[in-house]
Amino acid sequence: MESPKAASGPGADFIRQVVAADVASGRYGGRVVTRFPPEPNGYLHVGHAMGVCLNFGIAREFGGRCHLRYDDTNPEKENEEFVRSIEEDIRWLGFDWGEHLYFASDYFERMYECAEVLIAKGLAYVDSQPTDAIREGRGTVTEAGVPSPYRSRSPDESLDLFRRMRAGEFEDGAHVLRGKIDMASPNMLMRDPVLYRIRHAPHYRQGDAWCIYPLYDYAHCLEDAFEGITHSICTLEFDNNRELYDWVLDNVGFEEPRPHQYEWAGLDLEGAVLSKRNIKPLVDAHVVSGYDDPRLATLAAYRRRGVPPEALRLLSQLVGVSKTGAKTEEAKLDFAIREVLNPLAPRVMAVLDPLKVVVTNYSAGKAEEIDAPYFPHDVPREGSRPVPFSRELWIERSDFAERPPKGFRRLVPGGGVRLRYAYVIRCDEVIKGPSGEIIELRCTYDPDIRSGVSPEGRKTKGTIHWVSAAHALEAEVRIFGRIFLDYDHEGEVAKDGGVTAAPLNPESLMVLPNVRVEPSVGADPVDTRYQFERTGYFWRDPVDAVGGRLVFNRIVPLKDTWAKRESEPAVAEPMPAPPQAGAGDERPRPRVQDPAMAARVARYRDELGVPEEHAEVLADSPAFFERALAAHTNAPDVASWIAVDLRGLLEGRSLTDLPFDGSAVGRLVGLVAQGRISRRAAKDVLARMVSEGGDPEALVESMGLAQVSDPGVLGAAVDAVLARWPEKVAEFRAGKESLLGLFVGEVMKQTRGAADPAAAKRLLGERLRG
RNA sequence: UGGCCCGUCGUCUAAUGGCAGGACACCGGUCUUUGGAACCGGCGGUGGUGGUUCGAAUCCACCCGGGCCAACCA
């Protein structure tokens, strides 16, 4: 397993594509350095596991390295227990940081020096407002903030204050260091962010060495830069922080190539409580037994439950990497676990909810041993164990039905069923207790039918598992379910540090106290992961299965298509989907406020016949447009090229930043209008002009794009393409006309973009259809 | 309400102007001494409206929907 996905090229995720491109271009001299940067303030969970797989995985695939770095800049929340658990979890997952273990707290001195640089440059100042004032001064998402009265403090004064902050002259909260950026920025994080604060608290590693501590946005980018990280990968919610990340690095003086931040969605797993903030209260309030309670989604919990680390790595592959914030179904994790365990886990029999069966025609004192293979025919592994058979057996209560539903293939009164690896039995009598509950089944067996021997006419459809009562081992089994009943509330655990009102699932932990297991397991290694036939994958609970006591955790159930059928509601509830509210034929209203611009828009629209939405764009850079118009007078045409095609290439720049002016665009449009180049070719030229500058006529020449519409030349290209794709031609003729685009595309490629696509399409149509 | 990010089968994800593909789930079948596994088949998608183009999931505009941001947390 673990077939590595493509590390680059189409099909690779967008982050791997970036890394591959940077390696190819030599941006970092071929180096790839990632990092996994947990704060040691809690246990790792599945979401982190995906981050571990991503960062360590990329490093591995590209021959780089991945640092484990503790982001321990907050003395109040962090401790050694958490650093210990994090290391254990990452190793368990199968990754190794080698010698690259780092602590942000080791960088405090260097970070401090960088802060003095910022102050000296006038890019940071000591603010002496109280917390509330700073918060209020920041404004809101719709209103600009107001500058602090201390914003104009001189660098010298700030420097003095900052040094005294470090020296411990002030109380907590008396001053902070702030970046001097832009109190009106639409990005709240840029409104003079707090960089340092005073906190007289012992740090778990630094003790009392410091009483000022850096904040995340200041610290994290510096940590990356100090370590020479190339690709700093984090989750979507840090998107807004990237601007500040870049600001700090650029202004402290880190030059390219320096680290850059990339955001991906991370994992949101259905039914799992996925944030340290929400897990902690569950532990503190003893809703669960600890960070390793198997109901939790922490790695410690998965490990204890018996989930193999390979399954989590598989899950990471299945889920993939994107920027779409989305929720992954639990079924995918279950699949990954079964996928890993199926070829590995020995099969063994255990009866979870026992019902006594007496085989009346089997002698009381007799017992025989059946040699049962550990693996089914389709798992290529060796091994077997003896399974004792005797007169009294346990079978699963759910494997008998007095009044069987349609399709029931197990034991019924007067009916027969195969005992796995053993005989076929028939139920002769049902014995009930005083209140009518079934307490015993009296059956007879057919001594002629054993293991594989099945005379004609005696076909038995169902097979059930069983254990010999006299030989069985007693065990406890624990079955785990989701903690919260409601799918929607799992994110709202701890609004106020307590456990929320969200309803808990009373069946999140089900203890089965009377389980009977076949005796062979008594001799197995304690960390054996079994498949209990027909029920699921199990292993001994590593904490509570002590001193010979057998306690099994269910890792994951087997797929059970019968149970699914059983639990189907009698009447499918009607679910009328509300009609999509998305109908949007509202007239887009003009957003132009500036009267001069509005006048230009009106003129372009009314006098030149330019569509209004294009006119709005052009009115922004009138000079560019006018010059283009001077070179080619068809206004709507020019407008469309600028407003649509050129704009698409801008990537945030403005028209005036371009290495050419409007007239070059006008001339290019003219070439198209004269039929000298195809539109397609013109777009290639335009792209080249944007990236490298240059003159359109010369580029057409040097790129060999003069339009080809001569039927002879075109025909040859068409024939060549058709000859190269015989199967596709057949498919097309069989009706798959969407392939026409493929053929046109191939002709365009064949002629390196010079063909007249309309002509090519016409020709293709004739050849293909006629 | 300002800024940013994101919308592709039920779910996750490919397609980087040219064949909408894979996986999970689901449904059906084959096989089976596990109602497992395996194998075969099926269902099913580009949020909407316009625009550009020979050709749009992809580029442009607007709309709709979801998420993030106003800790001296990370």
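Quantities reported herein were computed from a predicted structural model and do not represent experimental measurements. So that the names make sense, note that chain A is the first sequence line, chain B the second, and so on, each numbered from 1.
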Pick base, sugar-phosphate or nothing for [X], based on heavy-atom distances below 4.0 Å to the nucleic acid.
X      : answer
A:E136 : nothing
A:R409 : base
A:H220 : nothing
A:R138 : sugar-phosphate
A:T131 : base
A:N187 : nothing
A:V141 : base

Once the angle between the rings of A:F538 and A:F532 is folded into 0 to 90°, is it parallel (under 30°), tilted (30 to 60°) or perpendicular (over 60°)?
->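 The rings of A:F538 and A:F532 lie parallel, inter-plane angle below 30°.
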
Checking contacts here: which listed nucleotide ([options]) is nearest the side-chain heavy atoms of [X]?
X      : options             : answer
A:I134 : B:C19, B:C72, B:U33 : B:C72
A:D560 : B:G2, B:C5, B:G35   : B:G35
A:K683 : B:A20, B:C72, B:A56 : B:A56
A:R347 : B:U52, B:A74, B:U34 : B:U34

Does the side chain of A:H203 reach to within under 4.5 Å of the side chain of A:S105, using non-hydrogen atoms?
->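 In contact.
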
A:D182 bridged to A:R191 by N-O distance under 4.0 Å =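 Looking at A:D182 and A:R191, the cut-off is not met.
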
Taking 4.0 angstrom as the limit, do A:K749 and A:E746 come out as a salt bridge?
->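 The answer is yes: the pair qualifies as a salt bridge.
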
B:G7 and B:G48: how far apart are their C1' atoms, nearest whole angstrom?
->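 Each nucleotide's C1' atom is 12 Å from the other's.
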
When the aromatic ring centroids of A:Y196 and A:Y218 are compared, is their separation below 6.0 Å?
-> yes

So which one's nearest nucleotide on RNA chain B is more toward 5', A:R338 or A:V194?
->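 Nearest-nucleotide comparison on RNA chain B picks A:R338.
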
Nearest-nucleotide comparison on RNA chain B, the residue closer to the 5′ end among A:E329 and A:M748 | A:E329

chi for B:A38 classified (syn = within 90 degrees of 0, anti otherwise) as anti

